[in-house]
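Working notes for the structure below.
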Amino acid sequence: MPTCNRCGGEFEAGDLVRHERQGMHYVHCPDCGCHLGTYNEHAR
Ligand SMILES: [Zn+2]
(Lines give C-alpha, C1' and ligand atoms only; values in the text may rest on other atoms or scores of the structure.)
Protein backbone atom coordinates (compact mmCIF):
# COMPACT_ATOMS: atom_id res chain seq x y z
CA MET A 1 0.00 0.00 0.00
CA PRO A 2 1.53 3.33 -1.00
CA THR A 3 2.33 5.87 1.70
CA CYS A 4 2.77 9.56 1.07
CA ASN A 5 6.14 10.94 2.15
CA ARG A 6 4.72 14.41 2.72
CA CYS A 7 1.45 13.98 4.61
CA GLY A 8 2.06 10.42 5.81
CA GLY A 9 -1.28 9.19 4.51
CA GLU A 10 -1.80 5.61 3.42
CA PHE A 11 -3.96 5.00 0.39
CA GLU A 12 -5.46 2.22 -1.58
CA ALA A 13 -4.02 2.00 -5.06
CA GLY A 14 -7.40 2.99 -6.45
CA ASP A 15 -7.51 6.19 -4.38
CA LEU A 16 -4.35 7.65 -5.86
CA VAL A 17 -4.51 10.36 -8.45
CA ARG A 18 -3.09 9.10 -11.71
CA HIS A 19 -1.98 10.78 -14.86
CA GLU A 20 -0.93 8.96 -17.96
CA ARG A 21 1.38 10.70 -20.37
CA GLN A 22 3.53 9.32 -23.15
CA GLY A 23 3.24 5.79 -21.85
CA MET A 24 4.24 6.73 -18.29
CA HIS A 25 1.97 6.65 -15.27
CA TYR A 26 2.39 9.46 -12.77
CA VAL A 27 0.88 8.86 -9.34
CA HIS A 28 0.03 11.63 -6.89
CA CYS A 29 -1.30 11.77 -3.34
CA PRO A 30 -5.06 12.52 -3.35
CA ASP A 31 -4.72 14.64 -0.20
CA CYS A 32 -1.70 16.88 -0.75
CA GLY A 33 -0.85 16.24 -4.39
CA CYS A 34 2.66 15.05 -3.62
CA HIS A 35 4.28 13.03 -6.37
CA LEU A 36 4.45 9.43 -5.19
CA GLY A 37 5.90 7.64 -8.14
CA THR A 38 6.29 7.23 -11.84
CA TYR A 39 5.66 3.90 -13.45
CA ASN A 40 6.69 2.77 -16.87
CA GLU A 41 3.76 1.10 -18.55
CA HIS A 42 5.99 -1.67 -19.83
CA ALA A 43 7.18 -2.51 -16.31
CA ARG A 44 3.75 -3.45 -14.97
ZN1 LIG B 1 0.17 13.41 0.71
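Just follow the structure's listing: the first ligand is 1, and inside any ligand the first atom is 1.
Checked against side chain to side chain contact (heavy atoms under 4.5 Å, CB included), Asp31 has the following partners two or more places apart in sequence or in another chain: Cys7, Phe11, Cys29. Partners of His28 by side-chain hydrogen bond (donor to acceptor under 3.5 Å, both in side chains), not counting sequence neighbours: none found.
Closest approach of Leu36 to Leu16, counting heavy atoms only: CD1-CD2, 3.7 Å.
Other residues, nucleotides and ligands place no more than 12 heavy atoms under 6.0 Å from the CD atom of Glu12.
For the Zn ion (ligand 1), the nearby protein N/O/S atoms, meaning those under 2.8 Å, are Cys4 SG, Cys7 SG, Cys29 SG, Cys32 SG.
Here NE2 of His35 is found 9.5 Å from NE2 of His19. Values are rounded to the nearest 0.5 Å.
Applying the 4.5 Å side-chain rule to ILVMFWY residues, one finds Tyr26 in the same cluster as Met24.
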